[in-house]
Amino acid sequence: MKNLAILILFISVYSCVRNQKSETQINSKLNQKSVSELNDFEMINDFESNKAEFNTDTFKFYNHSTDGGELIVFHESESDYVVLDFWLYGETGKLNYTYWTDNDFKFKFIRKISYEYNKPYYEGNYKTDSVIQYLSYSNSEFRLFDSNKNEINDPELVKSTKSELDGFYNDMIKEIEIIK
């Protein structure tokens with residue numbers, strides 16, 4: 001009788017765990033959008049939520065700023081996008097340009113963060129100010145957004161920001177070979 005009770009308990013626990021895993025997998029598939037369906041800002045959230053599942057390759061840069069820099073490439077075979085995260089470090093600031101691309105490295109979305117220090121970092125007690133902009137390449141047009149995700153409609157600013165980000169990418173990427 002005791003063995004029968006233990007057997008029934010074991011089967012019940014096993015069944016509950018199995019059902020829970022099945023429900024989790026179903027809910028995950030229902031909640032998960034195809035990345036091609038994600039809008040620009042949803043892509044950032046998707047990446048941040050799933051960052052641990054991406055493989056990374058890191059490349060160091062030595063000749064582009066006083067304190068060097070790096071590129072971290074995030075890629076995952078199940079994903080529709082690749083993330084290229086550039087960092088350049090200097091005495092009075094740093095730059096972080098993050099490019100979301102398709103698997104052929106065609107731009108989808110870019111986040112540009114510029115950090116400025118009020119004095120060189122090595123003097124200590126410096127204050128940091130930052131400016132964030134987003135550039136969208138969706139719908140065959142370029143759209144620029146501020147840190148609050150409000151669209152900036154100044155065509156000259158959009159054009160100059162696009163030119164800056166395209167030029168930066170082309171300048172940095174020519175030194176390395178990223179394997180698709």
Side-chain angles (χ1 to χ4, degrees), residues 33-51 54 56-75 79-123 125-178 180:
K33 283 185 177 179
S34 166
V35 174
S36 59
E37 296 173 12
L38 296 175
N39 78 29
D40 300 327
F41 294 103
E42 288 175 335
M43 204 169 356
I44 293 174
N45 294 334
D46 181 73
F47 174 65
E48 294 300 329
S49 297
N50 298 302
K51 195 174 193 176
F54 282 74
T56 60
D57 294 313
T58 302
F59 302 89
K60 297 291 184 188
F61 297 112
Y62 299 102
N63 300 321
H64 291 279
S65 65
T66 55
D67 289 341
E70 66 183 357
L71 163 63
I72 304 169
V73 180
F74 295 87
H75 52 91
S79 179
D80 295 17
Y81 64 86
V82 175
V83 177
L84 297 104
D85 196 22
F86 290 91
W87 288 89
L88 289 181
Y89 307 103
E91 294 177 344
T92 58
K94 61 185 173 183
L95 297 175
N96 175 224
Y97 294 172
T98 307
Y99 295 74
W100 280 260
T101 71
D102 64 14
N103 289 319
D104 293 322
F105 301 109
K106 182 178 175 191
F107 300 154
K108 292 182 171 199
F109 192 67
I110 303 171
R111 178 179 57 202
K112 171 188 172 187
I113 307 175
S114 301
Y115 300 91
E116 291 185 21
Y117 311 145
N118 64 338
K119 59 184 175 179
Y121 69 87
Y122 49 80
E123 291 181 11
N125 289 333
Y126 61 92
K127 293 182 180 169
T128 304
D129 188 24
S130 63
V131 176
I132 302 172
Q133 292 179 317
Y134 303 93
L135 185 64
S136 170
Y137 284 73
S138 61
N139 302 328
S140 301
E141 59 185 70
F142 310 107
R143 296 172 50 204
L144 184 63
F145 300 89
D146 65 15
S147 60
N148 295 319
K149 301 176 185 172
N150 297 317
E151 187 167 2
I152 299 171
N153 291 314
D154 178 350
E156 287 302 313
L157 183 57
V158 173
K159 183 179 177 182
S160 67
T161 303
K162 179 192 176 307
S163 178
E164 173 193 347
L165 293 170
D166 289 352
F168 175 85
Y169 178 86
N170 291 329
D171 186 44
M172 299 303 286
I173 209 75
K174 69 183 175 187
E175 295 181 16
I176 58 174
E177 182 178 345
I178 300 174
K180 296 180 184 180

Rounded to the nearest 0.5 Å, how far apart are [atom1] of [X] and [atom2] of [Y]?
X	Y	atom1	atom2	value
Glu151	Asp146	CD	CG	10.0 Å
Tyr134	Ile110	OH	CD1	13.0 Å
Tyr117	Ser130	OH	OG	10.5 Å
Thr98	Phe47	OG1	CZ	7.5 Å
Leu71	Leu84	CG	CG	5.5 Å
Gln133	Leu144	CD	CG	5.0 Å

Using side-chain heavy atoms (C-beta onward) and a distance below 4.5 Å, is [X] in contact with [Y]?
X	Y	value
Val131	Glu116	no
Leu88	Phe168	yes
Thr161	Ile152	no

Is there a donor-acceptor contact under 3.5 Å from the side chain of [X] to the main chain of [Y]?
X	Y	answer
Ser163	Lys159	no
Ser65	Tyr89	yes
Asp102	Asp104	yes
Ser160	Leu157	yes
Asn50	Asp46	yes
Asn148	Asn150	no
Asn118	Lys127	yes

Over all heavy atoms of both residues, which pair between [X] and [Y] is shortest? Give the atoms and the distance, please.
X	Y	value
Ile132	Arg111	CG2-CG, 4.3 Å
Lys108	Asp40	O-OD1, 4.0 Å
Ile44	Phe109	CD1-CE2, 3.3 Å

Pair [X] and [Y], ring centroids less than 6.0 Å apart:
X	Y	answer
Phe86	Tyr99	yes
Tyr137	Phe142	yes
Phe145	Phe41	yes

Lys162 and Leu135: side chain to side chain contact (heavy atoms under 4.5 Å, CB included), yes or no, with the steps? CA-CA 7 Å; Lys162 179 192 176 307; Leu135 185 64; 3.8 Å; yes

If you draw a 6.0 Å radius around CG in Asn125, do more than 12 non-hydrogen atoms from other residues or ligands fall strictly inside?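 Not more than 12 within 6.0 Å, no.
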
More than 12 heavy atoms of other groups within 6.0 Å of Lys119 NZ: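 For Lys119, atom NZ is crowded (more than 12 foreign heavy atoms under 6.0 Å).
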
Just by distance, with hydrogens left out, do Tyr97 and Glu164 show a side-chain donor and acceptor under 3.5 Å apart?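 A donor-acceptor contact under 3.5 Å links the two side chains.
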
Verify ring pair (Phe, Tyr, Trp, His ring centres under 6.0 Å) between Tyr81 and Phe74, making sure each step is shown before the conclusion. CA-CA 9 Å; Tyr81 64 86; Phe74 295 87; over 10 Å; no

